[in-house]
Amino acid sequence: MPSASCDSLLDDIEDIVSQEDLKPQDRHFSRKHVVPKVRKRSTQKYLQDENSPPSNSTIPGIQKIWMRTWGCSHNNSDGEYMAGQLAAYGYEITENASDADLWLLNSCTVKNPAEDHFRNSIKKAQEENKKIVLAGCVPQAQPRQDYLKGLSIIGVQQIDRVVEVVEETIKGHSVRLLGQKKNNGKRLGGAPLDLPKIRKNPLIEIISINTGCLNACTYCKTKHARGNLASYPIDELVDRAKQSFQEGVCEIWLTSEDTGAYGRDIGTNLPALLWKLVEVIPRGAMLRLGMTNPPYILEHLEEMAKILNHPRVYAFLHIPVQSASDSVLTEMRREYCVADFKRVVDFLKEKVPGITLATDIICGFPGETDQDFQETVKLVEEYKFPSLFINQFYPRPGTPAAKMAQIPAQVKKQRTKDLSRVFHSYNPYDHKIGERQQVLVTEESFDSKFYVAHNRFYEQVLVPKDPTFMGKMIEVDIYESGKHFMKGQPVSDARVYTPSISKPLAKGEVSGLPEEFRNRLGNHPSSVSHTSAVGRDFASSRMALCLQNLRRDRALRVSVGLALLALLLAFFCQNL
């Protein structure tokens, strides 16, 4: 009801305007008589404000992002791809977590401790009021966990859409992309391989050749996240390798949940891929194979031995045995027996002299007896694996092994200690003192006192920190050995091989950017860095160009809409 103070009711809202008031069209024509008052301001401050939007701005593409990745090399490759796309879009990838506006946490679901670290990082981010995007196998496998509620998630096969997820999260929205990549109903290996990337080490390219696997191990949570086997075509993998070498990479790692199963879903196999890859490896560069389970390499032993003898392929293979007890392997559903594993190892040791064979062992799997464990100890004592990954069993939620009768924690812990003691009882490199070896230098040691190189068998060799060695293949004389390394003195008159005609990208520089886009924007690739303001101008990125076009189209549509609205208002005013 109208207020009592009103003398009369208005028939229409337009009755508010009296006869003496200016009509809308009169106000419009009066604008030319309005003289704006000039407001003085600091030119320098104005320029700073224009170039540097406020840190709390919700405009996407200007924030700082801190990333952390747990887990395998496949996960690390995914993290590199996500960082590259974000940097190409304009976000700044920072190493300072407290300085970041958003945390991108790329998780691993293999063991409990890795997930505990992931959960604690989420809690810390929330305490510091950071925006959060979650990636990796944990949220992919169990997206409905309580501590993930309300948070943005990007699936392991959706990493090519990380910019969208981050953009919406910056705006305050929660986004979840967990779908599978498919083409005509067939599952694909994952996101495209030609995406922008920031390599953690500019000299090493990690290429995922397939995702998922064919096994159904009772203890494995990764299968819940990565799913069944899906392989990339050979030509796409070869193209990615070529591009990497053109960007100065001197070492390629092939990775997946099971490299040995590669190609079974697309009518090819691992040796066929490897023979194509070795054709494009330049002199002075090397290829390293990732983990393969025994069942799938058994079919290709002859071909694999030939490939591992190739001078540009490391004579190194990671073949997990997990246990030397057939009864335990059966409970694990590993689809091989100990004799199969020994056959692979014995054949490769004979056909590839000096080969390094790494393996994994789980201590304390449900049902493992003392006798079962002693069989595993005997296997380690027999083969004296130079690289041995010893894992205490952790029951992962949702896996069949988690429902089995568990071995007491103190027993698992003791068996882990006992096997570790056996492993540390021998030194695998003592007999190599005095050898002259050719090694490829790729990184700096953790203590920053040496450069780290690897010889033909992917054994770690520490060399002096001479900047001219980085990314090069040099000759050294071995003068000292330890449990996990050797030390080498460079030979004074030895040749130094340059692995690529291209200079390696700078640390933090975005890779995978086609030359045509660099030329179009007039920027040298070295100007694009995760700490560079150039990135905020969408420099040197195919994706950035597409996004610019999209925004331009949106702006055009908005302009047209405003123009039509103005015409309608003018028409309305003229007819009043």
Side-chain angles (χ1 to χ4, degrees), residues 73 207 209 241 250-256 258-263 269-281 283-321 324 336 338-361 379-389 426-433 435-440 442 453-461 473 475-476 478 481 484-486 488 497:
S73 55
I207 303 179
I209 63 175
C250 63
E251 188 170 288
I252 284 185
W253 297 357
L254 300 186
T255 185
S256 75
D258 189 347
T259 58
Y262 170 80
N269 55 56
L270 181 61
L273 167 64
L274 296 177
W275 285 125
K276 287 294 184 181
L277 284 172
V278 295
E279 292 177 4
V280 301
I281 302 175
R283 186 182 185 188
M286 296 294 289
L287 174 70
R288 193 195 81 172
L289 296 181
M291 185 273 288
T292 177
N293 284 311
Y296 307 114
I297 196 173
L298 273 169
E299 299 178 18
H300 308 295
L301 282 178
E302 290 282 355
E303 285 298 295
M304 289 303 298
K306 293 177 184 177
I307 292 166
L308 291 169
N309 275 309
H310 193 283
R312 295 175 192 176
V313 178
Y314 285 117
F316 166 88
L317 202 57
H318 179 189
I319 312 171
V321 64
Y336 61 87
V338 179
D340 293 331
F341 175 79
K342 288 186 173 183
R343 179 185 166 198
V344 172
V345 171
D346 293 341
F347 183 91
L348 292 177
K349 286 172 73 70
E350 177 187 354
K351 299 295 183 180
V352 189
I355 187 173
T356 296
L357 293 172
T359 195
D360 299 355
I361 288 174
L379 184 77
V380 174
E381 291 174 338
E382 178 183 355
Y383 287 99
K384 291 183 169 56
F385 300 102
S387 183
L388 180 63
F389 302 96
Y426 56 86
N427 293 317
Y429 307 129
D430 286 352
H431 67 285
K432 297 200 172 189
I433 294 177
E435 287 186 0
R436 177 163 294 187
Q437 300 180 354
Q438 196 170 69
V439 299
L440 179 59
T442 56
H454 292 92
N455 62 15
R456 168 85 178 83
F457 310 104
Y458 202 69
E459 296 164 335
Q460 185 170 269
V461 179
M473 192 168 278
E475 282 189 331
V476 298
I478 303 301
S481 71
H484 302 286
F485 66 90
M486 291 172 276
Y497 297 107

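These numbers come from a predicted model, not from an experiment.
Using cut-offs of 30° and 60° on the angle between ring planes, the pair Phe316 and Tyr458 is tilted.
To the nearest 0.5 Å, atom CG of residue Asp340 and atom CD1 of residue Ile297 are 12.5 Å apart. Going from atom OH of Tyr429 over to atom CG of Asn455 covers 8.0 Å, rounded to the nearest 0.5 Å. Distance CH2/Trp275 to NE2/His310: 6.5 Å, rounded to 0.5 Å. From Thr259, atom OG1 reaches atom CG of Asn293 across 8.5 Å, with rounding to the nearest 0.5 Å. Considering OG1 of Thr292 and CG of Asp258, their distance stands at 5.0 Å, rounded to 0.5 Å. Here the CD1 atom belonging to Ile478 is positioned 9.0 Å from the CD1 atom belonging to Ile433, to the nearest 0.5 angstrom.
For the pair Gln437 and Glu435, the tightest heavy-atom approach, listed with the atom from each and the gap, is NE2-OE1, 3.1 Å. Of all the heavy atoms in Ser481 and Asp430, the pair that sits closest is OG-OD1, 2.7 Å. The two residues Ala241 and Leu277 have their closest heavy-atom pair at CB-CD2, 3.8 Å. When all heavy atoms of Pro320 and Pro294 are compared, the pair lying nearest together is O-CD, 3.7 Å. Nearest heavy-atom pair across Ala315 and Phe457 is CB-CD2, 3.6 Å. Looking at every heavy atom in both residues, Trp253 comes nearest to Ser73 through CE3-CB, 4.3 Å.
For His318 and Phe389, the ring centers sit closer than 6.0 Å to each other.
No donor-acceptor pair closer than 3.5 Å links the side chain of Tyr426 to the backbone N or O of Pro386. No donor-acceptor pair under 3.5 Å is formed between the side chain of Thr255 and the backbone N or O of Gly290. Put simply, the side chain of Lys351 never gets that close to the backbone of Leu348: no donor and acceptor are under 3.5 Å apart.
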* Verify side-chain contact (heavy atoms from CB on, under 4.5 Å) between Glu459 and Lys432, making sure each step is shown before the conclusion. => CA-CA 11 Å; Glu459 296 164 335; Lys432 297 200 172 189; 2.6 Å; yes

* **Working for side-chain contact (heavy atoms from CB on, under 4.5 Å), residues Leu301 and Arg343** => CA-CA 10 Å; Leu301 282 178; Arg343 179 185 166 198; 4.3 Å; yes

* To do: Starting from the C-alpha separation in whole Å, work towards a yes-or-no answer on side-chain contact (heavy atoms from CB on, under 4.5 Å) for Leu274 and Met304.
  => CA-CA 9 Å; Leu274 296 177; Met304 289 303 298; 4.0 Å; yes

* To do: For side-chain contact (heavy atoms from CB on, under 4.5 Å), just list the numbers for Met286 and His454, CA-CA rounded to whole Å, side-chain angles, deciding distance to a tenth of an Å, and then say yes or no.
  => CA-CA 10 Å; Met286 296 294 289; His454 292 92; over 6 Å; no

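Residues Cys250 and Leu440 form a side-chain contact, since some pair of their non-hydrogen atoms from C-beta on lies under 4.5 Å apart. Tyr383 has its side chain out of reach of Leu357: every pair of non-hydrogen atoms, C-beta onward, lies at least 4.5 Å apart. No side-chain heavy atom of Glu303 sits less than 4.5 Å from a side-chain heavy atom of Leu270. A 4.5 Å side-chain heavy-atom check between Phe341 and Thr359 finds at least one atom pair inside the cut-off.
No more than 12 heavy atoms of other residues, nucleotides or ligands lie within 6.0 Å of NZ in Lys276, so this atom counts as exposed by the packing criterion.
Listed by chain and number, the residues in a ring pair (Phe, Tyr, Trp, His ring centres under 6.0 Å) with Phe485 amount to none (sequence neighbours excluded).
Tested against Tyr314 for a side chain to side chain donor-acceptor pair (under 3.5 Å), the candidates Arg288, Arg456, Glu251 yield a single pass: Glu251.
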